[in-house]
Every structure is written in structure tokens, then in C-alpha cells.
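Proteins come first, then strands; the chains are lettered A, B, ... in the order of their sequence lines, and each starts at number 1. These figures come from a predicted structure and were not determined experimentally.
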Amino acid sequence: MTDHGHAGEGLLEVEGLTIVLRHRHRPPATIARDVSLRVNAGEIVGLIGESGSGKTMTAKSLIGLLPDRMEVVSGHARFRGRDLLHGGDPARVRGRDIALIPQDALHALNPVKTIGWQVGEPLQVHGGLRQRRIATVVGDLLERVHIPDARRRAVDYPHQFSGGMQQRALTAMALSMEPPLILADEPTTALDVTIQAEIIDLIGELRDATGASFLFISHDLALVSSFCDRIYVMYAGEIVESGTRDAIFSHTRHPYTRALIGAAPRLAGNPERLPTIPGRIPQPHEEIRGCRFRERCPEAGAACGEAPRLDTADGDHAFRCWYA
Amino acid sequence: MLALVFWRLASFIPTLIVASAILFVAVNVVPGSAALSALGIHATPQALKRFEHQHGLDRPLAVQYVEWAGKALQGDFGTSFQNAVPVGPEVRKRIPVTLQLAGMAFVVAIVLAIPLGVLAGFRHQTGADGVVTTLATLFGSTPNFWLATLLIWFFSLQLGWLPTGGYIGFAEDPAGNLERMLLPCIALGVVSSGLLIRIMRTAVIEVMSSNFIETARSKGVGDLRLVSFHVLRNALIPFFTVSAVEFGFLVGSVVIIEDVFRIPGIGSLVLVGIINRDYPVLLAAAMTVTVIVLVVNLIVDLAAQVIDPRQVRTGHGS
Amino acid sequence: MIRWLNWRRYGLVTVTLPVVALVFLAAALAPVIAPYDPFELDVLVMLQGPGADHLLGTDELGRDILSRVIHASRVSIVVGLVAVAIGASGGVLIGVLAAHFGGAVDSVLMRFMEIVFCFPAILLAVILMANLGTSVLNAMLAIGIIFIPGFARLTRAVAQTVQRQPFLEAAICLGVGPLRLVTREILPNVIGPVLVEAAVAFSYAVLLESALSFLGLGAQPPEPSWGNMINTGRGFIDQAPWISLAPGAALFVTVFSFNLLGDGLRDVLDPRLHD
Amino acid sequence: MRFAVGMPDAMLLVARNLSRTFRGRGLLRRGGDVRALRQVSFSLAKNQTLGIVGESGSGKSTLLRAILRLTPYDSGSLAFDGAEIATLSGAALKDLRRRVQPVFQDPYATFNPRFSIGSSIALGFELLGEHRRQDIREEVRRLLDDVGLDPDLERTLPHELSGGQRQRAAIARALAVRPDLLLLDEPTSALDVSVQAQVLNLFKDLRRRYGFSLILVTHDLPVVGFMCDHLLVMKSGEVVERGATANVIGNPVSAYTRALIRSAPEVSGKKTQPVARQ
């Protein structure tokens, strides 16, 4: 376990983070609004949301990788007590303190560089290691993510790896500087389900072995229900519910979370019709008065005309709803 | 990999045959005019017939082609109608001149294109991009013979810095050679760079939008390292493949530029052949230019395949 | 109900269209707007610099340069239009056929096109002109033929991309016949890129025609063309640079604006790009 | 295991020992062959729903394309309503094209970007040839309403719609020719969970209303669990298991099916089990 010396405080603390997308002709659109989240040392935390919920941009803002026209307009993000958003060079944090495992493994790898070179690149950029030492470390890393015949295959190019192996290589790359926090951005979306299960298993194994924390970003509530310690659910740029896995799935409070859980089909015992959420997710530029889920919410009432705050009910379990 | 190179080389032979046949037909598209122009318009019909028979011009075109191609393969391009001198040695003498001109001009074009293209692509949709893109269109829209004329007017006649044309071998007088090559290379190279800048820019934009760029950034890779290790090599693969076509255009333009600067290369020999209706000369010169272009295309193609690891056969099961 | 244009991205087109229109207008109304007869000799004003009488000066035979530049635009425009028409119609036909039939037809057609495409265009034009005879008509023909492979390659590439699209399979599965498949699904998607290519090819045709005339293989004196005027001017470049400068500038502006128009069309005709 | 009960003439689609090998390319052609389908047999009765489950490279897409006659097969037999699909021509082929309609994975790519949604759907009615021109527009609007879209969306271009809306439009286009069999190729894997639920419900509603049979090709076992009566599990071109969905999921016989079931994420807080590492 990494000892970060801030007892009782999270490894990563995000508070009131708001990200906007600037338009040339339109008023700015809010991509993420007042997002607060915490990742403790050694935790796997899930950040869940459908497309357009702002989950990926929230994560990218932490390492300064927002697209050109997006920017953080308010809020704080502290990593081990150090401010990530204001001052400081995000390039120094990236890969060293906070690493990223990207989605779509094939396209996330440079096609003209060998796997070994790419896995070792953070060591080249951040570490003062000698070439030969890097080669050894890279071999160890590839072995650690269970790439068979790792040392020999380090000289292969990405297209010579299968999808699952590419994702393993990207995981090794994220581990190379032994960062305390790893952001995993839908790392299994492009993979077959059996391979997906392998990668999930690998992440759990690496957490146990290295003590690193993971912020696991996904659109798949079912997937994260199997292995995340705590979960944040995002809807239309806001966190609507957060808590331990048990709290989220066994004591669901927010109507959106409940609807999302119900909407996923099961292997067996499905109802004749799946419960659905009427309407569609509001676009970031749409002005909405009150609760952003109100229009689609089966439980909406008079109070919803005013935007609810993210309230903590019992212990760690919080939700953004007047009626929950 | 080897099989790929082998096939590319093997397919070069039919390419050469088709290309030379096209040229042969293009040159001989109007029958009988060779004799007329060689002997003048007052020649008797009998004299014309005799000339045609003597040079084998009265036989079917296909037969003439096979005979010409067979001899050309051995370096024999026949003798000039005009002065009965063998054409081969004349062509050989001029090849280095044109190669130097085209090569240096292409270097000028590439030296302009790669940094400007990278700058524009890397700073896509910024002011720098706009300036470079406009510049590229300006360059590409300039008629090279007009630019050549302006360059001579300004640098040679107004300022008197450089000679107006002519040629001196590099071995004889390196400074004199470069002095005379400078303006033609600029005229050719700047115009060619127009298209090349755009190609490079497009290639860089394409690479920059790839996911692996973000992966590299997430590792803490800075701009300089990003461009040199991740962007450049990926962008150069399409760049060189497409720029080969532009090289063909550049070599074609040599015909005009050599004329403007009075450079005794293959290009001006083409014009000599045309003006004199000297078909053996015209064919030999045109064929040489074509072969240069095709060979460069071949080399670039092979090089692009060699630097692209995706062409390598998968070694392990994947 | 085809929607062609995305007028939100018309910026570049609105800037260049007036220039392009001006060039076309000058060509169409040349006899009306030209201040002098382009063939009229006036030995009294030989090699006169730009001035009130002759805005762009006169040439070695005392002819008004402005009038000759205006009249010369006719050669360029006509050659450009006809050559592009020949190249585009021939190329699109070959490209669609190659993409549609595939297999051996495709291989033979495209291999041949590939070889012609690799040919230095100017060289081919020069040789064709030398043998067909130097005339404006032959220049159109030669340049048009040279354009065919480019259009064929482009058309085939776009058509093949379209053919790999799921929407084509969706149409096949609906039972759309081969002819309708080409006219409804493939051609509408080909036309956009072909129009863009046509604008760029037009500028290139104007350049090529001028190059041929410059070498004495295109329009023949005394008929004015920008190429032969630049060539004539070379002989007097020291005393009278305007003889070469004026037609060169006209040529340059025309080529430049057509290239920009091509860029603008690229933006406007893409249905997917939006702000 | 025979799961298609009923009279033989009630069989809509029958595959027997269907095989297809993609030849490897190259000069020496060593070991490049891919056996996409190996002796695949199954049958589909009228009004049945069949899920075909498999991961990438399982041959499920090749099978689907063979049924649509977008790709040939090497050996075996594949009969639609008693007629061998490979030998169809002329009117019979036209008939197959009408009666079997696909809905593909990426709803955006299945629309010609130059045509409005309405115009793409109208094409089906035009080909059907049963409506007067002026009535087609009304039919299109009715169909859009049927699939839960605002009829006024007929004038929009594909890129102006959301993923879920596009998939609804794609379903409308397929339904325009009143097909007997709908082939769904990963119809919801590009969609969000909440949109997926809407689209899956829509399929069920429409099936009740229009009465078509359905084959659903997917890698997502729970989707089949919700949608299909019968299930075919494929791996490397072979059928490894088939039967009634509830039976297969409740009592899987093959190791691969068990692995698939274990790996399928389900909201329950249960832990997924990785399959044995390669």
C-alpha cells in the first residue's frame, strides 16, 4: 500500500469541478457541473455515465487533456493535497503521478513503434534510467500483465498483438512509473466479453499487488457492479448518486440510478418489457431549470423545480434528489 | 515483406512496357509527318517514301515499337533524323544535368514542405495554420515559368546577383554550377512545395487526431518529443507516397524550366526533338524522363513499405 | 430530396466566387470591356509603360496589354472548361465502371490509369500537342485526356468507399437494382468530390494551357494567350517588364482563386461537417 | 438438439452443414485460410426469435451475411422458405430481398448521408410498389410514428439525429417492405443502456404488431436472454451449443458457453469470473 501521509484524506479530492465547452456563436455549454469525487489509496472507484454525461471529460481535466475549446471554470482537484488544476505543469503529473489506460487499444498505440518502446516511454520521459535498465523494466512490466513470452514480444509492433494483449500492454504502460492513481477510460469497451473479464481481473490483481488506486470510467453499470469499491453515477454533467457498491446497488436512492439498473437486461428472469427512461439525455447547451433529470423522472414532484444538492444521507452514500 | 517487394518490382516491368508504348503511340500519332519534317515540305513523294522505308517508318506501328524497344533496352536509341548522330550518348550526357536540377528542386520543395506542413498540422485551426495554408495555395498557384521569368528579372537583371541561365558542370566549377542552378531550383521547388505543404499538413492532422497521440500525452510526453517521435514518422508514410506523384509533375516541368534557363538537360532535348520533329530524339528524351519518374515512384513506394511496420508479416500468432 | 449544400460553411466560397465571376465576365464580355482592339498595332506607342492611355502599357508592337490580357482570358477559360469536361466525364465513367465491375475489369482499367497518372502531365501534353498540331482545340483535347486518369482514380476511390458503406448493403438488401444503386446511392456521393476536383483541375488546365502557349505549342500569335504573352515579354523583360507581369498576374489570380474555390467547395459539399 | 418443433413447412430458414472458408491471400498462401463457418446447422420456424451469440471471429457475421446473400457459402445448404438462397435469381431473389431485412450495428453508416431520413425510408415503399407516390409520404410518417420517432424528423439528415433515433429510423426503413424475417446485427451495441432498453422493447412491440421472425446476432448474452426464445452459441465458425434460451443459460453444456455466461456482466454485485488465461 502506498502511504501518502494524509490520513483520512483521499488520494484524489475533486471539489465543485465545472467544465464548459466554449462556442463561437453560442453561449458556452456546461459539460460537467459541480462535480465532487474522492479516490482513496488502494481503491477502485467507478465513474459511471451514459454518453454525454461528462464522465470522460471530468477524468481528462485532471491530467490537463481537455480538448481545445473546453476548460475548467471552477472547482478544485487535489492530488495528495497538491492542486492539479491551477498552476503546475500537467505534463509532469501525467504518467508519473496519474496514468491513463485509454480505450480502443489498437488505436491507442502508435503503429510504427514497438510495444516495448511505448511501454518504456514514460521511463524515458520521467525517469533518469539507462536504456538497458529500461528494457529490463519493460520486460518485467509485460510479464506482470501476463503477456506470454513477454521479453521476446516486446519488440513486436501493435498490429502483431491481439486486442486483449494490446490492452494488457497499455496497462503495463500505465504501471511503468508506479503511479499511485490510474485513470482507466472504458478500457474494455472494444473487447470481447471473455477478454473483458480477464482485463477486469487483471486490474483487481494489480491493485492488490501495487496498492495503486483506479478511477474506472465506464458506461456499463453492470460491469462496474462486479468489482468497484465505490461508485459515482453521472447524469447530464452532474453526479447524481455516489456510494459503496453495496449502497448503490442494494440501497439505490436516485431514480436515475434505479432506472439505469432496471434498463439492463439479465441473463435470465427478464420482465416482458424492460423498464425504460422516457425521453433522452439533455444536451450540454440546453438550459434546464431545477433538477436535470426532472423531465424524465417518474417520481418528479413540485420540489424538483429547484435544483437539488448532492446530499449525504448515511455515511458515504450521497444522492441528488429531493424525494429519494 | 520480401514477397511484397518482389511483387512491386515484378509489376514494374509491365508498367514500363505500357508506359513506353503510350509514349511511342503519342509520338507517332500522326503518320508520315516525320519524313515531311525531316526532308522539308518541298520533298518529292518518292523521297518521302524512300526516307520512310529507310527508317522503317512504313511498317506497322507495333513492329516499329518492338524493334525500337528492343534496341532501346540495349541503350541504342537510333540516330537523329536531323544530323544522323546516335541519340543514346547525347541523352546519357544530359541525364545528370536533369537529375541534379530535379533532385535539388525536390529537396527545396521538401525542405519547405515538411516544417511548414508540420507547423500547420500541429497548430491546426490556428492563425499559423491559416497563414501556412494560404501560403501553400499561393505557391501552388504560381506558374513556374512566370516565377522563373520574375526571378531572372529581379535577381539577374535588376540586382545582377546571379547569371540569367546556362549550365556549367559541377565537376568543372562547383560555385558556377550552383550559381546557375539556384534560380531554376527555386522556381521549380517553391511551386512544387505548394502541394507538398498541403499533403504534409493533411497527414499531420490525420495523425494528430489519432488516439495514440492522447496516449502519448497522457504519459507526459511534451510537444517536441510528440512531434519527433510520434507524429513525424506516421505522417511521413503517406507524405512520401503522395509526394512521388508531385515529383512526376516536377520532372515534367523541367521541360519548361530548362528552356527558360537554357539548361542543356533532357527537358530541353524534348523540345529540340519537337521543334525539329526529330522522332528518335524526342522518343529517347521523353522515355528517359518517364523512366526517371517511374523509378522514383518505385523507390518511394518501396521505401514507404519498408518504414511502415504494418507491412511486416506477423511473426507470432496474433 | 437530396441536400447538397451546407451553407454554414460557405465562407471561402463567398470570398472567391466574385473573383471567379469577374474572370468569367471578362472572358464573356471581352470585346465590350477591352479598351482597345487587341490586334491593333500602333508603332508610335511601342513598349510604353503603364499610363493613362494604356493602363497596363503596350507591347513591342504597340498593342494595348490590358486589352490583350482581357481577350486572352477567353482562351484560358474555354480550354479549362472543355478540358475539365472531357476529363471529368471520361474519368467518372471509367471510375464508376471499375468500381462497379471490380475484378479483372477494375485491375486492367486502373493499372492503365495508374501508369498514365504517373506520367509527367506536361510532358504528355507537350508531345500530344507537337503531334496533333498547335491549336487551341488540340490543347483542350490533350489536357482533357491527361485529366481522365485523375478523375478516374478519384471516382473509383470514392465509389469503392461508398460500396463498403453499410448504407449500400442496406440498399441492396432492400432490393435496389444495380442501375439504381449506381445512380441513387453511389453517384450522389461521387459528385461532391468530383466538383471539388473539377475546380482544382480547372486551375491546373489554365496553368497547363499557359505552359503550352509559353512553349509555343498552344494558342498561336497574334492570338493573345497569357502563356504566349509572358513568353513574348521575356525578350523585353529588361526594358518593359509589364509585358510579362500583367498576363502572369492575371494567370496567377485566376489559378489562385480557383484553387481557393476548390477548398471552399470541399467545405460546403461535405454533408457531415458542421459547426 | 432439435428445437424447431412444428411442421416442416413452418420452417422459415434452414441451414444444413453450412461452411465457408476465406482463402488467405498471398503468393504462397500458407496457413492464411480462415474457416468462418464449419458445418453450421440450425433452423428457424416462422414467428420464432433466435439469438446467435459469439465473440469476434466466431463466424456469426458471416452467417448473417450469407442469409442476406451478401456473401456466398462453399458447401452445405441454406434455404429460406424452402428455396436455396445461393441459387435464387430474378423475381425469387427480389422476393428474398424484400422478405429478409437487416438492421446493422452502426445506425449512422447505414444511411446515405446525402438523403434525408424520410427519403431513405420512402425508398422501401417505392420498391414495394404498392403505394401511389403521393401516399408514400403519409406512409413514411406513419412508420416513423410506429417506431417512436416524431414524423417531422423525415426531413432531417442522418447526422442530425442521435444514435438511438438513427437506429429507430433504420428499423422503420427495414419495416417499410414488410419483411418476414428481421436480421439484427448487434443492433444496440453502439447505444447507451437506457437507449438500448427502448430499442429492445421496440423490437418486441413491433414483432407483436408486424409478426416477423427475428435473428439477433450479438456478443451480449443478456440481450439474447431478454429477446430470444432460442439460442445458438458459436465459436470459431462452429456451433458449440444450441437450444431454448432458458435451457442453455440455465444449464450450459459446453465449456465455452459457461465461460460466456460467467463473463457476462450483470447488475447484481456478483463477481465476474475470468476464463482460463491463454
Side-chain angles (χ1 to χ4, degrees), chain A residues 59-60 63-65 67-69 89-114 117-127 148-149 152-153 155-166 170 173-174 176-177 179 182-183 185, chain B residues 1 4 118 120-130 200 203-241 303-318:
Chain A
K60 282 187 177 169
I63 47 175
L65 284 182
D68 278 345
R69 287 183 297 164
D89 179 9
R92 290 174 55 104
V93 174
R94 288 180 211 147
R96 196 172 59 173
D97 298 325
I98 305 177
L100 175 77
I101 305 177
Q103 56 178 318
D104 192 4
L106 175 60
H107 298 112
L109 287 161
N110 185 338
V112 302
K113 295 286 183 187
T114 63
W117 187 91
Q118 297 187 64
V119 169
E121 193 176 20
L123 299 165
Q124 297 239 346
V125 177
H126 299 288
D149 205 2
R152 204 161 58 81
R153 298 213 57 182
V155 296
D156 277 1
Y157 289 93
H159 71 278
Q160 292 166 301
F161 270 44
S162 68
M165 289 298 138
Q166 288 165 355
L170 284 165
M173 185 189 295
S176 59
M177 290 301 292
I182 296 171
L183 311 176
D185 183 11
Chain B
M1 181 73 197
L4 239 148
V118 169
F122 195 68
R123 299 257 175 263
H124 183 37
Q125 286 179 340
T126 63
D129 183 19
M200 191 64 195
V204 169
I205 290 172
E206 186 91 357
V207 174
M208 286 299 293
S209 69
S210 313
N211 294 357
F212 66 80
I213 294 298
E214 190 172 271
T215 310
R217 285 217 161 113
S218 79
K219 293 192 259 188
V221 171
D223 281 358
L224 191 65
R225 187 182 167 92
L226 194 71
V227 169
S228 43
F229 284 90
H230 292 276
V231 177
L232 210 51
R233 183 151 167 212
N234 279 289
L236 283 179
I237 295 169
F239 175 75
F240 277 119
T241 317
Q305 275 167 12
V306 168
I307 62 171
D308 187 352
R310 278 159 294 190
Q311 302 288 347
V312 181
R313 222 170 237 288
T314 310
H316 319 268
S318 65

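- Looking at A:V112, both its backbone and its side chain come within 4.5 Å of chain B, counting heavy atoms on both sides.
- Note that the CG atom of A:L100 and the CD atom of B:E214 stand 6.5 Å from one another [nearest 0.5 Å].
- For a residue to count as touching a neighbouring chain, one of its non-hydrogen atoms must lie under 4.5 Å from one of that chain's; by this rule A:P122 touches chain B with backbone and side chain alike.
- Note that the CD atom of B:Q125 and the CZ atom of A:R69 stand 8.0 Å from one another [nearest 0.5 Å].
- When each of A:P111, A:A99, A:P179 is checked for heavy-atom pairs under 4.5 Å with chain B, A:P111 comes out on top.
- Heavy-atom pairs under 4.5 Å with chain A peak, among B:G222, B:S218, B:S210, B:A216, at B:S218.
- Interface residue A:H126: only side-chain heavy atoms are found under 4.5 Å from chain B.
- Using a 4.5 Å heavy-atom cutoff, the side chains of A:M173 and B:T215 are in contact.
- For the pairing with B:F212, the side-chain contact (heavy atoms from CB on, under 4.5 Å) check across A:L106, A:N110, A:D104 returns one residue only, A:N110.
- Between A:W117 and B:R225, the shortest heavy-atom distance links the atoms CZ2-NH2, 3.6 Å.
- Interface remark: of the candidates B:N211, B:I213, B:V221, B:N211 forms the most heavy-atom pairs closer than 4.5 Å to chain A.
- Taken from CD1 in A:I63 to NZ in B:K219, the straight-line distance is 12.5 Å, to the nearest 0.5 Å.
- Chosen from A:R92, A:M177, A:R96, A:Q124, the residue pairing most often with chain B at heavy-atom distances under 4.5 Å is A:Q124.
- The part of B:I237 that comes within reach of chain A is its side chain, from C-beta onward, which places non-hydrogen atoms under 4.5 angstrom from that chain.
- Only the side chain of A:L170 comes within contact range of chain B, judged by heavy atoms closer than 4.5 Å.
- Only the backbone of A:L109 comes within contact range of chain B, with at least one heavy atom under 4.5 Å from a heavy atom of that chain.
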